[in-house]
Amino acid sequence: MTAGTPHVLDNPALASLTGPHAHFAEKRGRVLRYPVDVSPWLALPDEPDAGDWADLAALAGPGTEVPLTAYAGQVPEGWEITFHVEGVQLVDDGLTTAPDPEVVRLGPADVPEILDLIARTRPGPFLPRTIEMGTYLGIRREGALVAMAGERLHPPGWTEISAVCTDAAVRGQGLATRLILAVAHGIRERGETLFLHTGAKNTGAIRLYESLGFRLRRTTAFLAARVPERLPEAVS
């Protein structure tokens with residue numbers, strides 16, 4: 001890759017929705033997004049113009065809050081930034097991955113229990129159809145789901161680990177580490193490289209990831225903005 005050439009992880013949602021996850025893509029002009037019950041991620045072009053913002057506004061609808069994760073530019077006049085948290089992107093730099101005999105694969109029938117665990121632990125967005133984005137693994141104790149991790153964005157050659165969470169009653173037992181390494185094992189078996197995102201202030205998680213073999217690739221930001229109530233004129 002030559003200097004100045006964008007990397008697929010610079011705009012991972014765009015690379016995912018134009019690559020392995022293209023079957024999910026809802027598109028208007030150059031703007032793509034996942035269905036709203038799959039993931040909040042959407043993808044703007046690397047350098048969006050006025051027409052792209054108009055397409056995003058029309059796709060999302062007036063007054064809607066939309067995520068602009070990894071977007072580093074300015075929003076147009078009339079758009080309101082509603083959320084801004086600094087983040088980091090980490091990539092595999094030598095994890096020792098391994099399957100785990102206790103983990104189970106989660107499927108659509110497990111979604112109600114997954115959503116309950118997500119609500120208690122708040123690792124980030126997980127919606128009714130997020131399970132379709134990739135492999136999700138869990139650990140059960142006395143039949144109850146107590147920890148999970150899985151795959152989210154899927155740029156060509158890469159897979160994002162996401163939804164890493166553990167019930168408070170079983171924290172400190174290394175379940176998150178075991179699940180990360182088990183999910184990572186499946187990604188490696190496909191010949192792909194893993195990456196993940198987390199908040200820049202989530203120092204405990206960052207230390208854990210770095211101890212496992214991740215390294216910082218770049219800083220980023222998690223943004224959201226509200227579409228103006230008055231939509232721009234349609235762009236022909």
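Please read all numbers here as calculations on a predicted model, not as lab measurements.
Note that CE of Met148 is 9.5 Å distant from CG of Asp110, once rounded to the nearest 0.5 Å. Of the inter-residue distances, the one linking Asp93 atom CG with Leu212 atom CG reads 12.5 Å to the nearest 0.5 angstrom. Rounding to the nearest 0.5 Å gives a distance of 8.5 Å between CG of Leu95 and CD1 of Ile180. Summarising the geometry, atom CG belonging to Leu90 is positioned 6.0 Å from atom CG belonging to Leu216; distances are rounded to the nearest 0.5 Å. Distance CG/Leu181 to CG/Leu179: 9.0 Å, rounded to 0.5 Å. Expressed to the nearest 0.5 Å, how far CD1 of Ile131 lies from OG1 of Thr135 amounts to 9.0 Å.
Contact record, Pro40 with Pro67: O-CG, 2.6 Å, taken as the closest heavy-atom pair. When all heavy atoms of Pro228 and Gly78 are compared, the closest pair comes out as CG-O, 3.4 Å. Closest non-hydrogen pair, Val36 versus Leu127, comes out as O-CD1, 3.2 Å. Nearest approach of Pro123 to Cys165, heavy atoms of both residues: CG-CB, 3.9 Å. The nearest pair of heavy atoms linking Glu113 to Gly143 is OE2-O, 4.0 Å. Of all heavy-atom pairs spanning Val227 and Ala57, the tightest one is CG1-CB, 3.6 Å.
Annotation: Phe195 is not in aromatic contact with Tyr209 [ring centroid separation under 6.0 Å not met]. Side-chain rings of His21 and Trp41 stay apart, their centers remaining 6.0 Å or farther from each other.
In this structure, Lys27 does not pair ionically with Asp55, as no charged nitrogen and carboxylate oxygen lie closer than 4.0 Å.
Looking only at distances, no side-chain donor or acceptor of Asp167 sits under 3.5 Å from a matching main-chain atom of Leu145. In this structure, the side chain of Glu65 does not engage the main chain of Thr82 through any donor-acceptor pair within 3.5 Å. Side-chain atoms of Ser16 do not come within 3.5 Å of backbone N or O of Ala13 as any donor-acceptor pair. Using a distance-only test at 3.5 Å, with no hydrogens or angles considered, a donor-acceptor pair links the side chain of Thr130 to the main chain of Val38. Without hydrogens or angle criteria, Tyr34 side chain to Asp37 main chain gives no donor-acceptor distance under 3.5 Å. Using a distance-only test at 3.5 Å, with no hydrogens or angles considered, a donor-acceptor pair links the side chain of Arg226 to the main chain of Gly63. Arg129 places no side-chain N or O within 3.5 Å of a backbone atom of Glu132 that could act as its donor or acceptor partner. No donor-acceptor pair under 3.5 Å is formed between the side chain of Glu210 and the backbone N or O of Arg215.
Using a 4.5 Å cut-off on side-chain heavy atoms (C-beta onward), Thr166 and Val170 make contact. With a 4.5 Å cut-off on side-chain heavy atoms, Phe83 and Leu223 do not count as touching. In this structure, Leu59 and Arg33 have side chains that are in contact, with non-hydrogen atoms separated by less than 4.5 Å. Considering only heavy atoms from C-beta on, Leu196 comes within 4.5 Å of Phe214 through its side chain. For the pair Pro35/Phe24, a side-chain contact is recorded, criterion being any heavy-atom separation below 4.5 Å from C-beta on. With contacts defined as side-chain heavy-atom distances shorter than 4.5 Å, the pair Trp53/Pro48 qualifies. Annotation: side chain of Leu42 is in contact with side chain of Val66 (closest heavy-atom distance under 4.5 Å). The closest side-chain heavy-atom distance from Leu44 to Leu14 is not below 4.5 Å.
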Give the intermediate values and the outcome of side-chain contact (heavy atoms from CB on, under 4.5 Å) for residues Leu117 and Phe126.
CA-CA 10 Å; Leu117 179 62; Phe126 193 100; over 6 Å; no
Apply salt bridge (charged side-chain N to carboxylate O under 4.0 Å, His left out) to residues Asp92 and Arg188 and explain how you reach the verdict.
CA-CA 10 Å; Asp92 178 7; Arg188 286 261 193 86; 2.9 Å; yes
Using the rule given for side-chain hydrogen bond (donor to acceptor under 3.5 Å, both in side chains), can you reason through Thr159 versus Glu192, listing the C-alpha separation, both sets of side-chain angles and the distance that settles it, and then say yes or no?
CA-CA 7 Å; Thr159 298; Glu192 297 173 350; 2.6 Å; yes
Evaluate side-chain contact (heavy atoms from CB on, under 4.5 Å) for Asp52 paired with Glu47, printing each intermediate quantity in order.
CA-CA 9 Å; Asp52 298 319; Glu47 297 182 3; over 6 Å; no
Walk me through it: do Gln89 and Leu9 pass the test side-chain contact (heavy atoms from CB on, under 4.5 Å)?
CA-CA 9 Å; Gln89 184 184 78; Leu9 296 189; 3.5 Å; yes
Checking Asp10 against Arg217 for the salt bridge (charged side-chain N to carboxylate O under 4.0 Å, His left out) test, could you report, in this order, the C-alpha distance in whole Å, the side-chain angles of both residues, the deciding distance, and whether it holds?
CA-CA 10 Å; Asp10 293 342; Arg217 179 181 175 268; 2.8 Å; yes
Could you go through the salt bridge (charged side-chain N to carboxylate O under 4.0 Å, His left out) check for Glu102 and Arg178 one step at a time?
CA-CA 9 Å; Glu102 192 179 4; Arg178 289 167 54 192; 2.7 Å; yes
Let me see the working for Arg190 and Glu151 under salt bridge (charged side-chain N to carboxylate O under 4.0 Å, His left out), right down to the final yes or no.
CA-CA 13 Å; Arg190 298 198 301 265; Glu151 302 173 357; 3.2 Å; yes
Leu56 and Leu68: CA distance, side-chain angles, deciding distance, side-chain contact (heavy atoms from CB on, under 4.5 Å) verdict
CA-CA 11 Å; Leu56 173 55; Leu68 300 174; 4.1 Å; yes
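Hydrophobic clustering, with ILVMFWY side chains joined whenever heavy atoms are under 4.5 angstrom apart, keeps Ile114 apart from Val164. Grouping the Ile, Leu, Val, Met, Phe, Trp and Tyr side chains by contacts below 4.5 angstrom, directly or via other members, places Ile161 with Val103. Cluster membership for Val183 and Leu175, using ILVMFWY side-chain heavy atoms within less than 4.5 angstrom, is shared. Cluster annotation: Val75 and Val31 are assigned to the same hydrophobic cluster (Ile/Leu/Val/Met/Phe/Trp/Tyr, side-chain heavy-atom contacts under 4.5 Å, transitive). Under a hydrophobic-cluster definition in which Ile, Leu, Val, Met, Phe, Trp and Tyr are linked whenever side-chain heavy atoms come within less than 4.5 Å, directly or via other members, Leu208 and Ile139 are assigned to the same cluster.
No side-chain donor-acceptor contact under 3.5 Å links Glu160 and His154.
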